[in-house]
Amino acid sequence: MKPESELSCLACRRRYPASQVRYRCDCGETLEVVHDLDLLRQRVSREHFDRRLGSQSLPDRSGVWRYRELILSVPEEAIISKPEGNTNLYAVGASEPSGLRRIGRYVGLERFYLKHEGENPTGSFKDRGMTVGITQARALGARAVACASTGNTSASLAAYAAQAELPCLVFIPQGQIAYGKLSQALAYGALNLQIAGDFDAAMRLVQQACQELDIYLLNSLNPFRIEGQKSIAFEILQQLAWQSPDWIVLPAGNLGNTSALGKAVREAQALGLIERLPRLAAVQAAGANPFYQSFQTGFAERFTVQAQTVASAIKIGAPVSYARARRAIEQTNGLVEQVSDAQILEAKAVVDAAGIGCEPASAATVAGAKKLVERGLIKPTDQVVGLLTGHLL
């Protein structure tokens, strides 16, 4: 019998059981979870997910597990959830009657929405991936979990690991973490290891430690993290009555969200939940722009950089989800843009002044959307959803 889900290599297409602890193929490329879409077509529909809205049961109250058939098949009692998701989609277009229209006027868009993932339990979108990653860790019998982080991932992993009663290790680049986020990791009981070097150095070290010490890795290299983050796109589509926007604009660092949203909209179209794909626009800081540089070559070359930006959440020079994100951009006819730190901080000031607020990495979304409108790549009349990935604090 064909399994409901497997792990598949993006390069050589080799398959592995979903129950196997594995982050890369034997060929070295990243893996993704693939579902039996023929089976899912018999189980899911727009109406199926709409009926779960307003339910008081735990899986349905989560903005991740409401779409559980498309994410991870586990017994409901095994789910580790806070619950997460159900974040607001703010109408901030220039034609809106409220003060939020100042954002749309700044960007130059009549129909602009901001999906605020900073409203998740620990203050960022990472909770969506972590509820799935920790649930899978428990299902696999993991004895401990770990991540490298400049902030959001550490807070999220520590919170969910505590709930699952799993020891948690966090590898932090020295002096390069937002202290409000570090305080969460400490409060939730994680063991924080400060290392010399940047995020990319921490990422290399945590992978080595997980392999040698048999610890479950929960950075976005983990394919089950990507599955949880897909729910951002599913929730956007449901909030828009299953009508695809023209564009989804998002910050790009380690490229997990770019990968996740691309995978989500492809699956939604294949399952008949939407009729057309929205285009993705991934925005990088100019000082941490390896994916942008690759895009400029038509992805003929893969770049790495020594990352420098005020947007610590996307201060990554060697993104691990490159292959998955490249496919997301290519299959949605998307694009990659870069913005300066000055543009990021200016956009952040506009979002903050409107009473929504966001972290600097989130403001890259707004700065990028403005730049793409000015370049004529996004039309002022297009319907655009921008992703705010983290909380103001």
Side-chain angles (χ1 to χ4, degrees), residues 3 5-7 16-26 28 30-33 58-59 62 64-65 68 71-84 121-122 124 126-173 177 181-182 184-195 199 201-229 254 256 320-321:
S5 303
E6 292 179 290
L7 298 176
Y16 301 92
S19 59
Q20 190 174 123
V21 177
R22 178 178 281 275
Y23 316 106
R24 293 188 184 274
C25 177
D26 288 343
T30 50
L31 299 171
E32 68 173 351
V33 179
L58 176 59
S62 164
V64 175
W65 297 104
R68 51 193 174 272
I71 291 173
L72 181 66
S73 178
V74 291
E76 291 185 6
E77 62 272 14
I79 292 172
I80 305 297
S81 174
K82 290 201 169 293
E84 48 292 305
T122 72
S124 84
K126 299 294 177 75
D127 292 347
R128 291 183 183 266
M130 215 57 77
T131 180
V132 178
I134 284 288
T135 296
Q136 179 69 355
R138 279 257 300 246
L140 295 173
R143 65 189 187 92
V145 293
C147 73
S149 178
T150 58
N152 286 328
T153 303
S154 65
S156 185
L157 177 60
Y160 282 86
Q163 188 171 342
E165 299 182 297
L166 284 172
C168 174
L169 287 78
V170 176
F171 289 69
I172 297 166
I177 185 169
K181 297 164 187 175
L182 175 59
Q184 288 192 70
L186 291 168
Y188 296 136
L191 175 61
N192 294 270
L193 306 173
Q194 194 166 214
I195 67 138
F199 172 84
M203 189 68 209
R204 289 190 294 270
L205 188 59
V206 75
Q207 290 181 74
Q208 180 182 349
C210 285
Q211 182 176 359
E212 294 181 5
L213 301 176
D214 191 27
I215 297 171
Y216 194 60
L217 178 65
L218 275 167
N219 280 98
S220 58
L221 179 62
N222 187 310
F224 293 97
R225 276 275 312 276
I226 300 300
E227 290 305 290
Q229 288 164 217
N254 222 13
V320 299
S321 293

Notebook entry, point to check: Crowded around R138 CZ? As in, over 12 foreign heavy atoms under 6.0 Å?
Noted result: no
Note to self: Please find the pair of heavy atoms, one from I215 and one from A144, that lie closest to each other, and give the distance.
What the structure shows: CG2-O, 3.4 Å
Margin query: Using side-chain heavy atoms (C-beta onward) and a distance below 4.5 Å, is L217 in contact with Q211?
Written below: no
Check: Got Y160 and V132 here, is their nearest side-chain heavy-atom distance under 4.5 Å?
Finding: no
Next item on the list: Indicate yes or no: at least one non-hydrogen side-chain atom of Q136 is less than 4.5 angstrom from one of Y216.
Entry: yes
Margin query: I'd like to check L221 versus M203 (side-chain heavy atoms, cut-off strictly below 4.5 Å). Are they in contact?
Written below: yes
Next item on the list: Would you check if S220 and I226 make a side-chain contact, meaning some heavy-atom pair closer than 4.5 Å?
Entry: yes
Item checked: CZ-CG distance between R24 and L31, expressed to the nearest 0.5 angstrom -> 9.0 Å
Next item on the list: Could you tell me whether Q20 atom CD has more than 12 heavy atoms of other residues or ligands within 6.0 Å of it?
Entry: yes
Notebook entry, point to check: Does a donor on one side chain sit under 3.5 Å from an acceptor on the other, for N219 and Y23?
Noted result: no
Notebook entry, point to check: Would you call E76 and L58 a side-chain contact if the rule is heavy atoms closer than 4.5 Å?
Noted result: no
Check: Is any side-chain heavy atom of V170 less than 4.5 Å from a side-chain heavy atom of V206?
Finding: no
Next item on the list: Could you tell me whether the side chain of S321 reaches within less than 4.5 Å of the side chain of N254, counting heavy atoms only?
Entry: no
